[in-house]
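Below, each value reflects all heavy atoms present in this structure, side chains not excepted, and no hydrogens, waters or symmetry copies.
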Amino acid sequence: MKPTRTVAAVLGASALLAAVPAALPATAAPAAERAAAAAPGGPLALRDLAPEGFRIGTAVAGGGHHVDQPYPDPFPNDRQYRRLVGQQFSSLSPENQMKWEFIHPEQGTYRFGPADEIVRFAQRHGQVVRGHTLLWHSQNPAWLEEGEFTKPQLRRILRDHIRTVVGRYKGKIQQWDVANEIFLDDGSLRTQDNIWIRELGPGIIEDAFRWAHQADPAAKLFFNDYGVESDNAKSDAYYALVQEFQAKGVPVDGFSVQAHLSTRYGFPGDLQANLQRFADLGVETAVTELDVRMDVPVGEQPTRAQQDQQADYYRQALEACLSVEGCDSFTLWGFTDKYSWVPVFFQGEGFATVMTEDFRRKPAYYAVAYRLAEAKASYPRG
Ligand code: G3I
């Protein structure tokens, strides 16, 4: 527990929220905007509202599902979007631009331009970067998945990729998702669809962490997955693996939950306790891909009740992270519905982010803003 960030009573450190009750409903949250806008520091920006040292992040839209959409690559081309990325956030996660198929499209050929651009942008804007991702079963290039390689060749391919990509951004990446989605829901390893584990055995996961650490000793190295928000078979598997790595001296620094949530299901109420058990092992935790999708009939808009429910999920996810020592990185998987992956993957679902397609702030935005400001006011760190 980190009680300092969950103290309900404002300690008088800031006039910002001094008179605002702790459990303000999402519907009342615009008061936070008025208060924040009136406060020194100017217009409402999530990164400014956050406590010192607490990173509020977004995925940076590009590649992946955007390739087939009727708009140009978002990050380089949408100026309004780009301005908000710089203004609102203190951590950036390339949505697809550092994945294998994107950054290493042909054997021995790397395409660094778009990732370089994100890292440069982050540096100019005083932001950190979360690297995503090095060992995954998905979005691997055809040359890799369909190539005929011996085991030693495959091992070298992974090692060289990690050395090259992690090495290129040495000192510029705060956290790397080294191993992404390596377990199935039942807690067994993805031995079939993960080429690395299938061909080289589970020991390759340790190697990946070791190679990444050698390439950038300062970067924090994470396991990252979906469906691990709760204490369940999958998160138990990570809990065991973290301890195994620690016992063997494998450099693992963190465990992160993606948090692709849906209002179809209840909020994972044990999120905080689950993060806490990893913190108790001595590793950092993070929320890395938060969004909250909902069912809305085609051509309609979410109801106010749906928006409030969504805002409540965002607030609860943030609350869980704020309450756990070492959970200092909280990332939204995009902040505008304009570029969300959700409607592309889930028919009839959408509206999962904190801003509308035309960048209007939703109750979920205010819920996050309000809770951040409250945490900052109750615990001015640093
Ligand atoms: O690879 C196929 C290609 O063969 C086909 O021609 C083309 C036709 O649509 O689709 C290609 O797949 C696309 C894929 O990216 C690879 O580029 C999918 O349509 C597209 O939907 C997919 O989107 C990305 C997705 O990861 C892939 O898993 C999204 O942009 C990206 O937001 C999403 O991000 C992931 C995180 O990395 C990990 N956690 C889950 C999260 C959401 O799925």
Could you check whether the rings of H132 and W333 sit parallel, tilted or perpendicular, using 30° and 60° as the cut-offs?
perpendicular
So, taking the atom named CD1 in I56 and the one named CG in L49, what distance separates them when rounded to the nearest 0.5 Å?
9.5 Å
Can you list the steps and then say if S138 with E101 is a side-chain contact (heavy atoms from CB on, under 4.5 Å)?
CA-CA 9 Å; S138 179; E101 69 169 5; over 6 Å; no
Say whether, by atom type as modelled, one donor and one acceptor occur between the side chain of Q316 and the main chain of P268 under 3.5 angstrom.
no
Should we count CZ of R360 as having more than 12 external heavy atoms under 6.0 Å?
no
Can you hop from I162 to F102 via hydrophobic side chains spaced under 4.5 Å?
no
Test item: T336 side-chain N/O and T356 main-chain N/O as donor-acceptor pair under 3.5 Å
yes
Let me have the donor-acceptor pairs involving side chains of residues 211-219, under 3.5 Å, with sequence neighbours excluded, atom names and distances please.
{"unit_1": "D216", "atom_1": "OD1", "unit_2": "A218", "atom_2": "N", "d": "3.2"}
{"unit_1": "D216", "atom_1": "OD2", "unit_2": "G171", "atom_2": "N", "d": "3.0"}

Could you see if L92 belongs to whatever hydrophobic cluster contains Y169? Use Ile, Leu, Val, Met, Phe, Trp, Tyr and a side-chain cutoff under 4.5 Å.
yes
Test E181 against D225 for side-chain contact (heavy atoms from CB on, under 4.5 Å), laying out the working first.
CA-CA 5 Å; E181 304 173 1; D225 212 328; 3.4 Å; yes
Transitive ILVMFWY side-chain link V128 to I118, under 4.5 Å
no
Over 60° means perpendicular and under 30° means parallel, so classify the ring planes of F359 and Y81, tilted if in between.
tilted
Whether R168 engages the ring of F112 as a cation-pi pair (distance to the six-membered ring centre under 6.0 angstrom, angle to the ring normal within 45°) should be assessed.
yes
Hydrophobic cluster membership, with links at side-chain heavy-atom distances under 4.5 Å among I/L/V/M/F/W/Y: are L144 and V165 in one?
yes
For the residue pair Y339 and H66, does the interplanar ring angle fall in the parallel (under 30°), tilted (30 to 60°) or perpendicular (over 60°) class?
perpendicular
Quick one: list whatever passes side chain to side chain donor-acceptor pair (under 3.5 Å) with D73, sequence neighbours left out.
none
Separation between CG of D312 and OG1 of T263, rounded to the nearest 0.5 Å:
11.5 Å
Determine, for K376 against E52, whether the closest basic-nitrogen to carboxylate-oxygen distance falls under 4.0 angstrom.
no
Step through it carefully: locate the ring centre of Y110, locate the ring centre of H104, and say whether they are under 6.0 Å apart.
yes
Where the side chain of N194 meets the backbone of I182, is there a donor-acceptor pair that is under 3.5 Å apart?
no
If you look only at pairs with a residue in residues 293-330, which of them pass as a ring-ring contact (aromatic ring centres under 6.0 Å, His included), with sequence neighbours excluded?
F267-Y313
Hey, what's the ring geometry for F209 with F245, parallel, tilted or perpendicular (30° and 60° as the breaks)?
perpendicular
Look only at the side chain of T353 and the backbone of M355, and say whether a donor-acceptor pair between them is shorter than 3.5 Å.
yes
Kindly assign one of parallel, tilted or perpendicular to the pair F89 and F335, based on the angle between their ring planes and the thresholds 30° and 60°.
tilted
Set out, in order, the CA-CA distance, both residues' side-chain angles and the distance that settles side-chain contact (heavy atoms from CB on, under 4.5 Å) for D193 and R198, then state yes or no.
CA-CA 7 Å; D193 49 358; R198 183 181 69 232; 5.6 Å; no
Pair R304 + D308: basic N to acidic O under 4.0 Å:
yes
Counting only N and O atoms by type, is there a donor-acceptor contact under 3.5 Å from the side chain of N274 to the main-chain atoms of E229?
yes
Any donor-acceptor pair under 3.5 Å from W100 side chain to L134 backbone:
yes
Distance only, no hydrogens: is a donor on one side chain within 3.5 Å (strictly under) of an acceptor on the other, for S340 and D337?
no
Do R264 and F346 meet the cation-pi criteria used here (NZ or CZ under 6.0 Å from the six-membered ring centre, within 45° of the axis)?
no
Point-to-point distance, once rounded to the nearest 0.5 Å, from CG of L221 to CG of D177:
10.0 Å
Within this structure, what is the OG-CG distance for the pair S262 and D295, rounded to the nearest 0.5 Å?
6.0 Å
Can you measure from CD (Q127) to CD (Q88) and round to the nearest 0.5 angstrom?
11.0 Å
Is there a donor-acceptor contact under 3.5 Å from the side chain of T288 to the main chain of V257?
yes
Rounded to the nearest 0.5 Å, what separates atom CG in L46 from atom CZ in R55?
14.0 Å
Within 45° of the six-membered ring axis of Y370 and under 6.0 Å from that ring's centre, is NZ or CZ of R315 located there?
no
Is there a path from Y226 to Y238 through hydrophobic residues (I, L, V, M, F, W, Y) whose side chains come within less than 4.5 Å of each other?
no
Is there a donor-acceptor contact under 3.5 Å from the side chain of K234 to the main chain of L184?
no
Please check if the distance between the ring centroids of F255 and Y239 is under 6.0 Å.
no
Inspect the contact between R277 and D270 and indicate whether a charged nitrogen and a carboxylate oxygen are less than 4.0 angstrom apart.
no
Indicate yes or no: does K338 engage D358 in a salt bridge with an N to O separation below 4.0 Å.
no
Taking the six-membered ring of F183 as reference, does the NZ or CZ atom of R190 fall below 6.0 Å from its centre and within a 45° cone about the axis?
no
